[in-house]
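Quick notes on the structure that follows.
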Amino acid sequence: MKNEIIQILHKELSEYFTLEDLKRVLETPPNDEMGDFALPCFSLAKQLRKSPNLIAQDLAERFKSYPEFASLQAVGGYLNLFLEPEWIINQVLDEALKPEYGKSVSKTKTVVEYCSPNTNKPLHLGHLRNMAIGESTARILKHGGHSVVKTCIFNDRGVHICKSMLAYQDFANGQKPSDKGIKSDHFVGDYYVKFAQQFKKDSSYEDQALQMLEQWEVGNQEVVSLWQQMNDWAFNGFNETFKLFGTSFDKEYYESKIFKNGKEIILDGLERGIFKKRADGAVIADLEKDGLGDKVLLRPNGTSVYIVQDIYLAYLKNQDFSYDKSIYVVGNEQEYHFSVLKKILQLLGAEYADGIEHLSYGMVELPEGKMKSREGTVVDADDLILNTADLAKEEILKRYENMDSSEVDKRSLAISLAAIKYQLLKTETSKNMIFNPKEAIRFEGDTGPYLLYSYARASSILRKANIELKTNPWPVNASEMRLIKKISKFPEVLNDSIHKLIPSMLANYAYELCQSFNHFFHECPVLKSDYTEQRLALVTSFRNTIGIVLNLLGIDKLEEM
RNA sequence: GUCCCCGUAGCUCAGUUGGAUAGAGUGUUUGUCUCCGGAACAAAAGGCCACGUGUUCGAAUCACGUCGGGGAUACCA
């Protein structure tokens, strides 16, 4: 709807504003008494040597004959536009009934990498925020017309894995996850904890892990098969969690398969004079003028450091998908790493380097501080989801004592995931957040379950109605108008969310949309009304819109809850 | 030491390229149910937008400084 208004304004105001200008300056006033849109006229004051309010008055004159506007007012230097309600209804309702509402077209090919766990311990709360953001970002971009490939790099080798392996070898007596009846990635993680305990008693234990890594690297049969075994367990466990959470990858990469690659890219860069050889033989990238300092790429002994693998992976992903954009969903503590990565690829002249973007999200902390695995304060992903589902179950049983247990399970899991995902998505993506488990399992107010509830309420009305919809305008009241306008904002919000790569914007919109709906629901009878057909159309538009938004957030809907 | 991010109501957070009277949820107090789902709606109370100085028609938003919190600064991955 905003676009249409901009087009109309531009017809008369092209001497002052380009379409781009209007897009930037046209705003939504803080409250309804000030109109539907407002054009600030301050910037024209100097140019026209008139007071902003006089300018606004003059501009208002030009639109008097336009049927789209009910009235125009000049207030405090703003030109306030009051749209004709009928026109608004016509603009919004039909559009919002379409399954593809808000969709746009784009030729962009985008790779989204996220999650990327180590295989030595199970997924935790931090991974959940990562996955919520990654999955949601992928879906949002898809709705924006991108063709999206979701990828994950598994850090399946290194000392950390050897630590779990070592402790397993020394303490497990050949036990398997099935023997102990625990989820296989948790089983692996338990030996990582065991390692830490042993390390406390015996500081040489770390050296033993390093020796094991050396054995792995030379292909010691016994070590490699132990590694294989433990990784299988880890991956099986991860896959269960991915399924439970509702995410999946189109392409998986494994560090163990690529960690030796990339050296030739560096040597080639050295030959081309892009990198330098230091006196001790190390190859370095001089990023001093970019404020990033010297970055070592190859050690004096010729072995490569971690970032070389990432350089190679960027190259490999481009080989595989020839992407326009490559988004890395990784915590903000790695901002330096990704600045360096992008810069080095640019220096190398890689045409795909400019498309690299670090979607940096904030750390998740607990009310008592950072999660620390050593202190056992890590919130496990599976536990959180299942415990929250148990609480949801209680809530359901309060309302429906005799519900079939498989239905209870289905609903309680959906509610749990909605609660967790929304909680993790609604905080501004780049900001650190405090996750209070007690608050995440709250089902009232600004929460995921509130969104589900609103959707289910709308569905409930529609189930009861056997009347055709009509989208022709009717005399709407304030709460209907508020809902219609809120629905109309979806394309703008989505667009913003795509361009700024901030999924939290959409999460916040979802809540506001549901607030407007619940207000409407309370104020306006639908089935017993003179405007039943029209109100049904409005409810359907809402349901369709929030349905799309929930899907973009990666939240599964419930028709009843 | 240097660099980056953050600081908004008791608590958790919106407020994005500077706009009108700074908004939600929660908690506290109170109201709404003969009516489509009360996991709802409405109201009261709660603010030196960390502090200071600037920039300008206009600052929570931009600049500089101070204080407080977090992170990065590995030839670890």
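All chains are named by letter (A, B, ...) in the order of the sequence lines, taking the proteins before the strands, and each is independently numbered beginning at 1.
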Checklist line | Modelled atom types, side-chain donor and acceptor of A:N518 and A:Y450, under 3.5 Å | finding: yes
Next item on the list: Indicate, with yes or no, if the rings of A:H519 and A:H522 have centres closer together than 6.0 Å.
Entry: no
Checklist line | Separation of atom CD in A:E333 from atom P in B:A77, rounded to whole Å | finding: 16 Å
Margin query: Please confirm whether the shortest side-chain N or O distance from A:K370 to OP1 or OP2 of B:G71 is below 4.0 Å.
Written below: yes
Check: Mind checking who B:A40 pairs with, Watson-Crick or G-U wobble, both distances under 3.5 Å?
Finding: B:U32
Which protein N or O atoms sit under 3.5 Å from an N or O of nucleotides 42-44 of chain B?
| unit_1 | atom_1 | unit_2 | atom_2 | d |
| --- | --- | --- | --- | --- |
| B:A42 | OP1 | A:H519 | ND1 | 2.9 |

Item checked: Heavy-atom donor-acceptor pair, A:Y531 side chain to A:L536 backbone, under 3.5 Å -> no
Item checked: Between A:R543 and A:Y455, a side-chain donor and acceptor under 3.5 Å -> yes
Next item on the list: Have a look at A:P367 and say if it touches a base, only the backbone sugar-phosphate, or nothing, with a 4.0 Å heavy-atom cut-off.
Entry: nothing
Checklist line | Sugar-phosphate, base or nothing in reach of A:L292, heavy atoms under 4.0 Å | finding: nothing
Notebook entry, point to check: How would you label the contact of A:L298 with the nucleic acid (heavy atoms, under 4.0 Å): base, sugar-phosphate, or nothing?
Noted result: nothing
Check: Are A:R442 and B:C13 close enough that a side-chain N or O sits under 4.0 Å from OP1 or OP2?
Finding: no
Next item on the list: For B:G58 versus B:G69, give the span between their P atoms, rounded off to a whole number of Å.
Entry: 35 Å
Check: Is the backbone of A:L552 close enough, under 3.5 Å, to the side chain of A:S136 for a donor and an acceptor to pair up by distance?
Finding: yes
Notebook entry, point to check: Is there a donor and acceptor pair, one atom on the side chain of A:N518 and one on the base of B:A39, closer than 3.5 Å?
Noted result: no
Next item on the list: Scan A:P29 against the nucleic acid and name what it touches under 4.0 Å (heavy atoms): base, sugar-phosphate only, or nothing.
Entry: base
Check: So is A:K317 actually on top of A:Y328's ring, under 6.0 Å and inside 45° of the axis?
Finding: yes
Margin query: Would you say the rings of A:F154 and A:Y253 are close, in the sense that their centroids are separated by under 6.0 Å?
Written below: no
Check: Taking only side-chain nitrogens and oxygens of A:S460, does any of them come within less than 4.0 Å of OP1 or OP2 of B:C36?
Finding: no
Next item on the list: Could you tell me whether the side chain of A:T388 and the main chain of A:L384 form a donor-acceptor pair under 3.5 Å?
Entry: yes
Notebook entry, point to check: Across all strands shown, which nucleotide pairs with B:C62 by Watson-Crick or G-U wobble geometry, both distances under 3.5 Å?
Noted result: B:G54
Checklist line | Nucleotide B:C11, atom P - distance to CD of A:E444 in whole Å | finding: 22 Å
Notebook entry, point to check: 5'-most contact on RNA chain B: A:Y400 or A:Y306, nearest heavy atom basis?
Noted result: A:Y400
Margin query: Measure CD/A:E428 against C1'/B:U61 and give the value in whole Å, please.
Written below: 13 Å
Notebook entry, point to check: Counting any heavy atom closer than 4.0 Å, what does A:M433 reach on the DNA or RNA strands: base, sugar-phosphate only, or nothing?
Noted result: sugar-phosphate
Checklist line | Atom-to-atom span, CD of A:E206 to P of B:C76 - whole angstrom | finding: 13 Å
Item checked: B:A14 phosphate, OP1 or OP2, under 4.0 Å from A:K431 side-chain N/O -> yes
Check: Mind checking who B:G7 pairs with, Watson-Crick or G-U wobble, both distances under 3.5 Å?
Finding: B:C67
Notebook entry, point to check: When you check the phosphate oxygens OP1 and OP2 of B:A74, does a side-chain N or O of A:K295 lie under 4.0 Å from one of them?
Noted result: no
Checklist line | Touch class at under 4.0 angstrom, heavy-atom based, for A:C524 against every strand present | finding: base
Next item on the list: Assign A:A45 to base, sugar-phosphate, or nothing according to its heavy-atom contacts below 4.0 angstrom with the strands shown.
Entry: nothing
Check: Within the structure shown, what part of the strands sits under 4.0 Å from A:N432 by heavy-atom distance: base, sugar-phosphate, or nothing?
Finding: sugar-phosphate
Next item on the list: Would you mind reading off the distance between A:F521 atom CZ and B:A39 atom C1', rounded to a whole angstrom?
Entry: 13 Å
Note to self: So A:Q309, base contact, sugar-phosphate only, or nothing? Heavy-atom distance under 4.0 Å.
What the structure shows: nothing
Item checked: Short side-chain donor-acceptor distance under 3.5 Å, A:Y254 and A:E252 -> yes
Next item on the list: Tell me what A:P30 touches on the nucleic acid: a base, only sugar-phosphate, or nothing, going by heavy atoms under 4.0 Å.
Entry: base
Check: Taking the six-membered ring of A:F542, is NZ or CZ of A:R457 closer than 6.0 Å to its centre and within 45° of its axis?
Finding: no
Next item on the list: Name the nucleic acid region contacted by A:D310, choosing base, sugar-phosphate or nothing; use a 4.0 angstrom heavy-atom cut-off, strictly under.
Entry: nothing
Checklist line | Pair assignment for B:G1, Watson-Crick or G-U wobble, requiring both distances under 3.5 Å | finding: B:U73
Margin query: Can you see if the side chain of A:Y511 gets near the phosphate of B:U12 - specifically, an N or O under 4.0 Å from OP1 or OP2?
Written below: no
Item checked: Nearest-Å distance once atom P is located in both B:G23 and B:G47 -> 14 Å
Notebook entry, point to check: Could you give the CZ-to-C1' distance, from A:F338 to B:C4, as a whole number of Å?
Noted result: 16 Å
Check: Just to confirm, is there a sub-4.0 Å distance from OP1 or OP2 of B:G38 to any side-chain nitrogen or oxygen of A:R399?
Finding: no
Checklist line | Salt-bridge criterion met for A:E255 and A:R157 (N-O under 4.0 Å) | finding: yes
Checklist line | Residues touching RNA chain B, which here means a heavy atom under 4.0 Å, drawn from residues 527-543 of chain A | finding: A:L527
Check: Roughly how many Å is it from CZ in A:F435 to P in B:U12, rounded to a whole number?
Finding: 14 Å
Check: In terms of side-chain geometry, is the basic nitrogen of A:K295 or A:D286 positioned less than 4.0 Å from the acidic oxygen of its partner?
Finding: no
Note to self: Rounded to whole Å, how long is the line connecting atom CD of A:Q423 with atom P of B:G25?
What the structure shows: 16 Å
Next item on the list: Go ahead and name the base partner of B:G47; Watson-Crick or wobble counts if both distances stay under 3.5 Å, otherwise write none.
Entry: none
Note to self: Let's test this: given Watson-Crick or G-U wobble pairing with both distances under 3.5 Å, identify the partner of B:C13.
What the structure shows: B:G23
Note to self: Ring-plane angle category for A:W216 and A:F259, please: parallel below 30°, perpendicular beyond 60°, tilted otherwise.
What the structure shows: tilted
